[in-house]
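Every heavy atom of this structure was used, including side-chain atoms; hydrogens, water molecules and symmetry mates were not. In the text below, chain A, chain B and the rest are named by the order of the sequence lines, each starting its count at 1.
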Amino acid sequence: MKNRPVRVRFAPSPTGPLHMGGVRTALYNYLFAKQNGGDFLLRVEDTDQARFVPGAEAYIVEALKWCGISPDEGIGAEDKMAQGGPHAPYRQSERKPMYRAYADQLIASSHAYYAFDTPVELDAVRERAKQAGNPNWQYNSITRTSMKNGLTLSEDDVARRLSAGEPYVIRVKMPRNEEVKFEDRIRGWVSVNTMNLDDKVLLKGDGMPTYHLANVVDDHAMEISHVIRGEEWLPSAPLHVLLYRFFGWEQPEFAHLPLLLRPDGNGKLSKRDGDRLGFPVFPLDWKNEDTNDTASGYRERGFYPQAFVNMLAFLGWNPGTHQEIFSLDQLIISFNLNKVNKAGARFDFEKAKWFNQQHLRLLSASDRLHTYKQEALLRGLTIPSDVFAQKAMNLFMDRAEFIGDTLDEALYVFTDPTSFDPAVCAKKWTAEAPGYVEELSALFARTDYSEATLEEAFKVYLADKGYGFGQVGPVLRLAIAGTTQGPSIFAVMHLIGKEASERRILHAITTL
RNA sequence: GGCCCGUUCGUCUAGCGGUUUAGGACAUCUCCCUUUCACGGAGAAGAUCACGGGUUCGAAUCCCGUACGGGUCACCA
């Protein structure tokens, strides 16, 4: 069991956009695979035809791609291998015919049976049980003796119903009283008595397998060595262990990841939390075709994928050192499944932003400029030249968490200010103010408009007149930028040049 | 409610029986830098290690209870 090649899978169901918890699960799988020189497969679990959402699969593939997680096999790996690999298809709906034989095998070995109870009948039984004070009726080793199934009906009866085309499901025949144990990579030994487990449906009335059958059959067929999934699967893991046993298959190692919790209140982070809490829960924007609403994604919010991935990796794991900033490649080296936490992690958007800020600083100048220009385009800003872009970006880099910040806070670098901070106007734009800037403008005109000479000229002016910086500085800044926040005003003036600077000063004098 | 899992600063976490006066990061606050805002630097505050029992010379670390939190109990995944 320990020495087989590492092959892991991420197996989402295409019922909507993948949320960040799902991305983290995929990431951990990917990191574990790459670290061990293994394969990461993407399989789509679309056995519930009623919950299928068009576009969800494409979204999942694109989201992973954006994160830099590319499947070695399966969906999204069609460019690497024909049909995505040797175990194609990787969409469970397309594997439908394969599951039947395995369900039959379990019936033959008396580990499963046909059940003819209709959904309506089951609802009625549950309702009756609820009335009788049992809110949680289960189809199990006790109750199955009074239901319509292959265990209570005669062989002839079963055969007749089958040939008559009567609808049925196939259920697992859960052993009566048996301790099922398995060693979870993260939680250690987990033990459950089958007494508490029910006869789960394995094959549904429409011929599709349920998750339980499909994931076991496929994981075995695809030679999956480690099943790394969310903690919500822990309660059904014993059933899966039993299924491997019934089939006589080697079981993969299990690792159940802690959940991502909401920052407020209780419960796990869910898709429905959407933008309610002021941050995205999805990697990419998702447009709901029915409601026409768009749920925001980290990508569109301005996050770099490497920052998003880094942040996600640290929600439930850490390297045990003080290093927090990691590239994907560094994560592959340092990640350790055994160091994944057991408790759920409450998500904190403030820290998420910090990760982006750190990665923004780490980017090479040319890569950063590239994203800068993309963001400028998005904002409809025209950039005179690369040199200008580079300078403008650098000027505002210090205060940026996102590359877009260097644009949003620097609009006055591209266009003349159309409004002036009213609070500052009231306080600093005195009767003398127009005179200050008019004199300065004339003085500056005699310099070469470099940052240093502008500043020098300004200082000389203050000294000559006996003015204080606080008296004149904000006035100049207001005239040029419309606000008093930002980098050195002389650097800004140098960047926009003499003509624009003089134009702005004149405009301020005439309008304020 | 049954079952399963968990519980260290507000948050993410280090810690795997003695080196711990419990370390780091985010957030918060203070000071320095900057006659702006930030960045950066220095520092502060913040955790009776959920609680109660054991085991041990010694426990945040091991065991058992209790409380609290989470997950799960469909012909959904």
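Dashed line: the shortest gap from a side-chain N or O of A:Asn136 to OP1 or OP2 of B:rG1 is not under 4.0 Å. Listed pair A:Arg51 / B:rA77 fails the phosphate criterion, with no side-chain N or O lying under 4.0 Å from OP1 or OP2. A sub-4.0 Å separation between OP1 or OP2 of B:rA77 and a side-chain N or O of A:Thr47 is present. In this model, the phosphate group of B:rU36 is not approached by any side-chain N or O of A:Lys428 to a distance below 4.0 Å at OP1 or OP2.
Taking atom CD1 of residue A:Ile60 and atom P of nucleotide B:rA77, one finds them 14 Å apart after rounding to whole Å. Rounding to whole angstrom units, CZ of residue A:Arg91 and P of B:rA77 are separated by 17 Å. Distance, A:Leu239 CG to B:rA77 P: 13 Å, rounded to whole Å. The CG-P distance, from A:Leu260 to B:rU13, rounds to 9 Å in whole Å. Distance, A:Asn196 CG to B:rG71 P: 20 Å, rounded to whole Å.
Sorted by first and then second residue, the ring pair (Phe, Tyr, Trp, His ring centres under 6.0 Å) pairs with a member in residues 122-152 of chain A read A:Trp137-A:Tyr139; sequence neighbours excluded.
Heavy atoms of A:Phe314 sit under 4.0 angstrom from primed sugar atoms or phosphate atoms, though from no base atom. Counting non-hydrogen atoms under 4.0 angstrom, A:Gln138 reaches the backbone sugars and phosphates but no base. Looking at heavy-atom distances under 4.0 Å, A:Asn341 makes contact with sugar-phosphate atoms alone, never a base. Looking at heavy-atom distances under 4.0 Å, A:Pro135 makes no contact with the nucleic acid at all. Within 4.0 Å of A:Gly473, counting heavy atoms only, lies no atom of the nucleic acid at all. Contacts of A:Lys353 with the nucleic acid, taken as non-hydrogen atoms under 4.0 Å apart, are absent. Among the heavy atoms of the strands, none lies under 4.0 Å from A:Gly230. Using a 4.0 Å heavy-atom cutoff across all strands shown, A:Asp117 reaches at least one base atom of the nucleic acid. Heavy atoms of A:Pro258 sit nowhere under 4.0 angstrom from any nucleic acid atom. Residue contacts shown for A:Ser236 are absent, as no nucleic acid heavy atom lies under 4.0 Å away. Residue contacts for A:Arg361: at a heavy-atom cut-off of 4.0 Å it reaches the sugar-phosphate backbone alone, with no base atom in range.
Nucleotides B:rG52 and B:rU7 place their C1' atoms 15 Å apart, quoted to the nearest Å. A distance of about 40 Å separates the C1' atoms of B:rA38 and B:rG70, rounded to the whole Å. Taking atom C1' in both B:rG18 and B:rG71, one finds a spacing of 37 Å when rounded to whole Å. Between the P atoms of B:rC16 and B:rG2, the separation comes to 37 Å (whole Å). When the C1' atom is used for both B:rA22 and B:rU61, the distance is 12 Å, rounded to whole Å. Taking the C1' atom of each, B:rA60 and B:rA47 are spaced 11 Å apart, rounded to whole Å. The gap from the C1' atom of B:rU72 to that of B:rC29 amounts to 43 Å, rounded to the nearest Å. To the nearest whole angstrom, the two C1' atoms, one in B:rU36 and one in B:rC9, are 35 Å apart.
Among B:rU36, B:rA77, B:rU13, the nucleotide with an atom closest to any side-chain atom of A:Thr210 is B:rA77.
Looking at A:Arg229 and A:His256, their side chains do bring a donor and an acceptor atom within 3.5 Å of each other. Between the side chains of A:Asp48 and A:Tyr211, not a single donor N or O lies within less than 3.5 Å of an accepting N or O.
By the side chain to side chain contact (heavy atoms under 4.5 Å, CB included) test, A:Glu178 is found to be paired with A:Pro175, A:Thr194, A:Leu242, A:Arg245, residues two or more places apart in sequence or in another chain being considered. A search for side-chain hydrogen bond (donor to acceptor under 3.5 Å, both in side chains) contacts involving A:Lys148 returns A:Glu121, not counting sequence neighbours. Checked against salt bridge (charged side-chain N to carboxylate O under 4.0 Å, His left out), A:Arg301 has no partners two or more places apart in sequence or in another chain. Here A:Tyr372 pairs with nothing under the ring pair (Phe, Tyr, Trp, His ring centres under 6.0 Å) rule; sequence neighbours left out.
Between the side chain of A:Arg187 and the base of B:rC5, no donor-acceptor pair under 3.5 Å is found.
Here A:Asn196 contributes atom CG and A:Asp198 contributes atom CG; the two are 10.5 Å apart, rounded to the nearest 0.5 Å.
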>> Base contacts versus sugar-phosphate-only contacts with protein, heavy atoms under 4.0 Å: please encode nucleotides 22-35 of chain B as B, S and - from 5' to 3'.
In response: -SSBS--------B
> Given the rule in the salt bridge (charged side-chain N to carboxylate O under 4.0 Å, His left out) test, do A:Asp199 and A:Lys173 qualify, once you have shown the distances and angles that lead to the verdict?
Replying inline: CA-CA 6 Å; A:Asp199 290 1; A:Lys173 188 176 164 193; over 6 Å; no
